[in-house]
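Read the structure below first, then the notes.
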2 protein chains.
Amino acid sequence: MRPKATLKQIAKELNVSVSTVSKALSNSPEISEPTKIKVQEFAKLKNYKPNNIAVNLKSKRSKTIGVILPNILNPFFAKVFSGIEKAANERGYNVITCISNESLTKEIHAMDILSNGTIDGFILSISDETQKEHEFKHFKEAIADDLPIVMFDRTSEDVNCDKVIVDDFDSAVYAVNHLIKTGCKNIALLSNLDNTSVGKLRAEGYLQALKDNKIAINESLIMRTQSNEEFDEQFPSFFDIKGKKIDGIFAVEEHASVAAHKAVLKGGFRIPEDVQIIGFADGVWSRRLTPSLSTVSQHGPEIGEAAAELLINRLEDKTEDGPDYETRIIKTELRQRESTRKL
Amino acid sequence: MRPKATLKQIAKELNVSVSTVSKALSNSPEISEPTKIKVQEFAKLKNYKPNNIAVNLKSKRSKTIGVILPNILNPFFAKVFSGIEKAANERGYNVITCISNESLTKEIHAMDILSNGTIDGFILSISDETQKEHEFKHFKEAIADDLPIVMFDRTSEDVNCDKVIVDDFDSAVYAVNHLIKTGCKNIALLSNLDNTSVGKLRAEGYLQALKDNKIAINESLIMRTQSNEEFDEQFPSFFDIKGKKIDGIFAVEEHASVAAHKAVLKGGFRIPEDVQIIGFADGVWSRRLTPSLSTVSQHGPEIGEAAAELLINRLEDKTEDGPDYETRIIKTELRQRESTRKL
DNA sequence: TTATTTAACTCACACGTTTTCGTTTTAGTG
DNA sequence: CACTAAAACGAAAACGTGTGAGTTAAATAA
């Protein structure tokens with residue numbers, strides 16, 4: 001391997017000082033045109049690239065943001081991540097990624113590892129376990145150590161920081177309203193996210209829509225679980241279409257929607273004639289089912305972009321961070337496909 | 001914010017030298033037990049963490065690996081990524097991620113951005129466009145600059161480096177053999193990846209299996225396209241089950257498998273009685289379809305772990321890298337579900 | 001001619017660590 | 001007590017970069 005070109009090497013070979021090289025490369029007016037050209041051409045020839053680590057050390061910023069995701073296999077998080085990555089790159093930032101796997105310990109560990117100059121700030125969605133345990137100290141410490149955090153999707157009231165969320169409550173109200181308006185009387189709520197902030201909000205939206213339409217709440221139509229596994233376990237005994245006269249289903253996440261879809265068809269019912277389904281979903285698969293699923297789409301990439309923008313703005317805002325934290329809401333969209341009837 | 005604790009600060013407050021603090025914290029034998037304890041306790045109190053950037057600058061390694069993925073929304077890559085992240089973390093490495101979006105330009109740009117000390121090496125899967133253009137200069141330059149590369153899945157013969165692949169050819173032979181043994185006479189090949197190395201290998205495996213079983217190759221049963229979009233466009237006119245007497249389908253990727261699944265059912269045929277289907281797949285959805293799809297599973301996480309291990313071993317191998325590059329093959333597994341008949 | 005400006009460049013330090021080498025202190029020995 | 005050796009610590013350089021303060025030499029002004 002060729003030795004990596006450094007300012008020092010170039011300086012020696014051209015018989016000038018290191019500072020001259022540095023200034024010439026940054027087009028400083030203190031350097032004469034001829035030497036500038038000489039240095040710049042030589043640097044290009046040697047394929048010189050400023051050592052990023054040294055630059056970071058001087059500037060005390062790494063231009064890198066740490067992203068902590070609960071689960072990259074969930075297409076929603078993958079979409080958000082792609083948005084973060086895109087927006088960050090456009091503004092000259094790199095992205096370092098850790099996966100908490102829904103574990104509080106891993107979340108803390110990841111933040112700890114990165115909180116030593118490696119990154120300038122965090123973008124994260126709170127892990128399942130963290131929300132269950134109400135343990136937010138690590139977030140507050142990071143912020144106190146001048147490492148700003150932007151939370152998305154799963155956020156916490158208890159932590160003061162920028163946030164990007166979806167209007168979960170309103171979207172749920174809207175979706176359930178649609179079911180009601182198209183004739184559903186007995187709408188089931190399927191939650192496999194009942195431990196998370198977003199799951200709760202969507203469930204509340206369901207309740208609100210019923211209330212708005214003066215429909216009595218029927219607890220036997222409501223299923224709340226905290227994970228896909230728990231959901232799969234309880235679903236068969238819960239899901240009695242005929243007995244419960246279910247004619248509409250609102251699911252807070254794609255896993256539940258698909259399970260319902262499958263069960264409805266297997267039971268010999270027609271979608272959407274007998275049973276309508278709407279679910280929150282971000283995978284590519286809702287539209288591949290037959291009949292395809294109507295979904296509440298969350299615009300994952302936009303969420304990611306907004307989060308990155310928020311964080312970078314804060315990082316580059318020199319006006320001594322007044323903690324005027326912002327919560328940005330990304331509107332959802334009801335994508336009507338074949339599992340719902342038209343109004 | 002509290003000022004970040006540094007060696008200098010601690011040294012001043014304890015009236016010792018910077019070197020003493022450094023040595024005390026690293027448990028050097030040159031420091032007496034009492035001062036060690038004094039320093040260590042004070043450091044813990046002040047929540048001291050060695051500035052990673054400074055450490056990197058000294059050690060000339062960042063303990064960070066750059067990962068370049070063609071598309072994080074593809075569940076296969078997401079799985080591989082989770083494996084990389086896990087294995088890297090276990091060995092004390094961070095992961096910086098870029099998404100090439102199947103673009104050569106973005107791939108080059110990403111590598112360029114990171115090749116300045118930010119990372120110690122790359123793990124990547126070659127972008128679609130890069131494979132089409134046969135443009136591998138950027139890989140070779142990185143390797144020449146002492147930034148090792150490990151390629152996975154989509155690799156290139158033209159680049160000398162460690163690789164992790166799946167036995168695409170053998171897996172395809174095996175899968176198609178299974179179809180033949182269970183009675184299929186007219187097996188269609190659906191490729192939506194015909195530009196990539198893996199797509200080609202799987203197609204060749206299909207041909208080989210026919211040859212091994214002395215079945216004549218029928219070009220009208222073979223469909224080759226270079227993207228999902230192109231596939232979707234041509235599929236309807238290609239897929240004539242009755243006319244072509246198709247009784248078996250081998251798909252090189254999940255998208256094609258699902259399209260076939262849908263089309264078969266829509267045509268009024270039964271799976272697997274009339275038509276059997278096997279596809280390469282990594283999504284969670286193959287098993288959710290009704291009937292569920294039999295798939296060739298690629299063990300994405302294992303691929304990622306192997307890649308990380310290979311790279312880190314090379315990074316930490318002090319024995320002046322003899323380029324004894326290794327290609328590790330991760331065995332696939334034929335997951336028999338409902339879309340195939342039992343032997 | 002001498003003083004003053006200006007252009008062009010060099011010096012020296014800083015960022016926070018680690019590490020080598022040198023210096024001081026303590027303990028041990030004759 | 002003097003000398004040696006080990007133990008404990010400090011000074012300084014280095015990693016590669018950026019920057020304000022100096023330095024030189026030439027050009028201009030008085």
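Convention: sequence-line order gives letters A, B, ...; per-chain numbering from 1.
- Side-chain proximity of A:L57 to the nucleotides D:dG16, C:dC11, C:dT17 is greatest for D:dG16.
- Distance, A:K60 NZ to C:dT17 C1': 14 Å, rounded to whole Å.
- Counting to the nearest Å, the P atom of D:dT17 and the CZ atom of A:R61 are 18 Å from each other.
- Enclosure of atom NZ in B:K132 by more than 12 non-hydrogen atoms of other residues, nucleotides or ligands within 6.0 angstrom is indicated.
- In this entry the distance linking CG of A:N116 with C1' of C:dT17 reads 13 Å, nearest Å.
- Side-chain atoms of B:S19 stay outside donor-acceptor range of the base of D:dC9, with no qualifying N/O pair under 3.5 Å.
- A heavy atom lying under 4.0 Å from DNA chain C marks the following residues of residues 24-33 of chain A, by number: A:E30, A:I31, A:S32.
- Between A:E309 and A:R328 there is a salt bridge, with a side-chain nitrogen of the basic residue lying less than 4.0 Å from a carboxylate oxygen of the acidic one.
- Below the 3.5 angstrom threshold, one finds a donor paired with an acceptor across the side chain of B:K23 and the base of D:dG10.
- In this structure, A:I53 places its CD1 atom 15 Å from P of C:dT17, rounding to the nearest Å.
- For the pair A:E102 and A:R154, the salt-bridge criterion is met [side-chain N within less than 4.0 Å of a carboxylate O].
- Between A:D112 and B:K49, at least one side-chain N (NZ, or NE/NH1/NH2) sits under 4.0 Å from a carboxylate O, which counts as a salt bridge.
- Rounded to whole Å, atom C1' of D:dA8 lies 12 Å from atom NZ of B:K38.
- Between A:D145 and B:K4 no salt bridge is recorded (no basic side-chain N to carboxylate O distance below 4.0 Å).
- Looking at heavy-atom distances under 4.0 Å, A:S59 makes no contact with the nucleic acid at all.
- Between A:T35 and the phosphate of C:dA8, there is no side-chain N or O to OP1/OP2 separation shorter than 4.0 Å.
- We find that NZ of A:K49 is positioned 17 Å from C1' of D:dT17, with the value rounded to whole Å.
- A salt bridge does not link A:K163 to A:E326: none of the charged side-chain nitrogens sits closer than 4.0 Å to a carboxylate oxygen.
- Under the side-chain contact (heavy atoms from CB on, under 4.5 Å) criterion, A:K58 pairs with no residue, sequence neighbours left out.
- Among the protein residues, B:K58 comes within range of the nucleic acid bases, having at least one heavy atom under 4.0 Å from a base atom.
- Of the listed nucleotides (D:dG10, C:dC15, D:dC15), D:dG10 has the atom at the smallest distance from the side chain of B:V16.
- Rounded to an integer number of Å, the gap from CG of A:N52 to C1' of D:dC15 is 14 Å.
- A straight line from CG of A:L7 to P of D:dG18 spans 6 Å, rounded to a whole angstrom.
- Tested against B:L14, the residues B:V39, B:T20, B:T35, B:V21 include a single side chain to side chain contact (heavy atoms under 4.5 Å, CB included) partner, B:V39.
- At a threshold of 4.0 angstrom between heavy atoms, the contacts of A:S22 include nucleobase atoms, whether or not backbone atoms are also involved.
- Phosphate proximity of D:dC15 to A:K8: present, with a side-chain N or O under 4.0 Å from OP1 or OP2.
- Neither OP1 nor OP2 of D:dC9 sits under 4.0 Å from any side-chain N or O of B:T20.
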